[in-house]
Number of protein chains: 2
Amino acid sequence: MSKPPARIRLADAAFALFDERGYEQTTVDDIADRAGVGRTTFFRHYRSKEAVIFPDHDRLLELIRDRLATSSHSTALVAVSDAVRLVLLHYVDEGELARRRYALTSKVSALRDREIASVARYQRLFREFIADWMGDPTESASLRAEIMAAAVVAAHNHVLRRWLRGESPDPVREVDEAMSEVLALFPAPSGHEDGGAGGTTVVAFRTGQDLDALLPSLRRLVEGGTGAGH
Amino acid sequence: MSKPPARIRLADAAFALFDERGYEQTTVDDIADRAGVGRTTFFRHYRSKEAVIFPDHDRLLELIRDRLATSSHSTALVAVSDAVRLVLLHYVDEGELARRRYALTSKVSALRDREIASVARYQRLFREFIADWMGDPTESASLRAEIMAAAVVAAHNHVLRRWLRGESPDPVREVDEAMSEVLALFPAPSGHEDGGAGGTTVVAFRTGQDLDALLPSLRRLVEGGTGAGH
DNA sequence: CCGGGCCACGGTATTCAGTACCATACGCGG
DNA sequence: CCGCGTATGGTACTGAATACCGTGGCCCGG
């Protein structure tokens with residue numbers, strides 16, 4: 001009844017107006033007016049007109065960074081898969097909101113460009129992480145890290161966009177399969193190979209994640225025979 | 001003695017001022033003033049303040065499109081390599097100008113974002129081309145096309161940035177090697193395999209390019225045994 | 001009940017990018 | 001000399017983004 005906080009009202013008003021009149025045809029004043037706040041308040045909550053569409057990219061970056069940080073050499077690829085799944089789940093959780101955003105970014109090139117720039121920041125995180133993981137400071141390893149990061153992000157985006165278009169009933173399964181396919185492209189680095197052929201490697205570790213969220217990775221590691229080997 | 005055309009004077013003035021005061025600290029008026037023209041003239045030659053740094057991305061896009069268009073199914077991967085080399089050569093030909101631009105994009109996030117958006121457009125071209133080439137309309141092929149395009153572009157960017165930083169004495173060789181590495185990651189699609197084992201496939205075609213520019217691709221096709229096979 | 005600090009908010013003014021419109025000068029063929 | 005196209009300059013306007021200031025609520029110790 002009363003009112004949700006200004007931040008929410010502003011976002012609601014923005015999406016509504018963008019739907020009605022289009023992005024360029026909507027001024028920040030319009031948004032502030034409909035939200036019942038002053039123009040100043042808008043910019044207090046969102047750095048720019050575009051930012052109202054992409055509220056929490058920074059938080060998402062932190063999420064990825066954290067997930068990657070909690071990994072050892074042998075669990076690096078699992079961490080990558082997990083981080084990718086994390087991002088996907090974030091959007092899936094947004095539900096209809098993510099789809100409205102997608103509709104906007106599909107039409108307005110300024111927004112599409114901004115989205116792409118954000119994705120590039122994810123990619124950078126992955127690139128740096130993978131390069132560290134490889135250890136090898138040679139130019140060839142650096143190139144491979146870059147390619148691998150690009151492939152990882154491309155796979156994620158592909159599945160995400162499919163879900164956004166309503167073409168994917170089970171995006172989590174799809175992204176796990178896609179990641180499996182991507183990681184299979186790249187042979188494992190120097191790493192100490194565990195034992196010989198056959199058998200199962202058990203890795204014990206502690207994480208803040210739900211077991212459910214981890215299961216797909218575990219299953220893939222055990223069944224797929226991939227994740228490290230070729 | 002007289003004066004170079006306004007377009008050039010504007011670009012010179014812009015780069016000079018960006019070096020002196022920085023990008024944000026330079027207004028379009030400043031640039032126009034130093035170039036000795038009116039503010040209107042600036043916007044007649046460049047759509048925006050950022051565009052003065054990236055004059056010919058559209059032309060570059062056309063270049064890629066054209067090169068990809070002049071290819072058959074069996075020469076598709078050569079076309080991709082060529083197109084990538086084309087882009088790299090474009091920047092290398094710019095020489096110091098490209099390096100000044102790189103210095104700017106490294107410091108100013110707005111410019112970096114725009115650069116990234118441009119690269120995404122190249123990537124899209126490659127993605128569509130590769131998807132067409134694969135023919136296969138299944139979701140799995142579509143994913144692979146996306147990953148492949150991302151890998152191709154990542155390889156290019158990697159080499160380009162190395163050259164921009166002065167770390168690559170022979171970027172063309174490097175990019176050819178990088179492309180070779182990338183394409184080797186992906187098994188060939190359905191395509192009709194030519195003959196059996198051994199032998200050499202000769203493909204005759206006509207192109208507007210210098211033979212020198214094509215040689216590396218040819219050599220790779222003959223020697224590497226890759227470009228299609230695994 | 002009362003100051004005092006904190007904080008969210010609103011309003012005003014300013015800068016600057018980008019667009020629209022109009023006026024002018026130059027070159028060139030009729 | 002006239003007509004025409006083109007490059008240019010100037011002026012004015014919209015709108016995003018920033019800076020600054022004032023104000024009203026709200027909590028808290030007195």
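Below, all heavy atoms of this structure are taken into account, side chains as well, without hydrogens, waters or symmetry copies. Proteins get letters first, then strands, A, B, ... in listed order; numbering begins at 1 in each.
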Q: With B/Ile31 as reference, evaluate B/Val37, B/Thr26, B/Asp12 under the side-chain contact (heavy atoms from CB on, under 4.5 Å) test and give the passing residue.
A: B/Thr26
**Q.** Value in whole Å for how far the C1' atom of D/dT18 lies from CZ of A/Arg47
**A.** 14 Å
Q) If you check every side-chain atom of B/Phe43, which of D/dC21, D/dT11, C/dA17 has the closest atom? A) C/dA17
Q | Side-chain donor-acceptor contact under 3.5 Å, B/His158 with B/Glu174 | A | no
Q: Return yes if the base of D/dG9 and the side-chain atoms of B/Thr41 contain a donor-acceptor N/O pair under 3.5 Å, otherwise no.
A: no
(Q) Under a plain distance cut-off of 3.5 Å, with no hydrogens placed, do A/His57 and A/Tyr122 share a side-chain donor-acceptor pair? (A) yes
Q: Classify the nucleic acid contact of A/Thr27 as base, sugar-phosphate or nothing, counting any heavy atom under 4.0 Å across all strands shown.
A: sugar-phosphate
Q: Rounded to the nearest angstrom, tell me the gap between atom CD in B/Glu50 and atom P in C/dG18.
A: 7 Å
Q. Of the nucleotides C/dA17, D/dG9, D/dA16, which has the atom closest to the A/Val28 side chain?
A. D/dA16
Q.
Between the base of D/dG15 and the side chain of A/Arg39, is one N or O donor paired with an acceptor at under 3.5 angstrom?
A. no
Q: Specify the separation, in whole Å, of atom CG of A/Leu17 and atom P of D/dA16.
A: 12 Å
Q. What is the distance, rounded to the nearest whole Å, between atom CZ of B/Arg44 and atom C1' of C/dC22?
A. 11 Å
Q.
What is the separation between atom CG on B/Asp30 and atom P on C/dC16, rounded to the nearest whole Å?
A. 8 Å
Q: Whole angstrom is fine here: how far is it from NZ in B/Lys49 over to C1' in C/dT19?
A: 17 Å
(Q) What is the separation between atom CG on A/Asp29 and atom P on D/dT18, rounded to the nearest whole Å? (A) 15 Å
Q) Over how many whole Å does the gap from B/Arg9 atom CZ to D/dT8 atom P extend? A) 8 Å
Q: Counting heavy atoms from C-beta on, name the nucleotide in C/dA20, D/dA17, C/dG10 closest to the side chain of B/Thr40.
A: C/dA20
(Q) Is A/His45 close enough to C/dC9 that one of its side-chain N or O atoms is under 4.0 Å from OP1 or OP2 there? (A) yes
Q) Should the pair B/Lys49 and B/Tyr23 be classed as cation-pi, given the thresholds of under 6.0 Å to the six-membered ring centre and 45° from the axis? A) yes
(Q) Quick one about A/Asp29 and A/Thr27 (side-chain donor to acceptor, distance below 3.5 Å, no hydrogens or angles considered), yes or no? (A) no
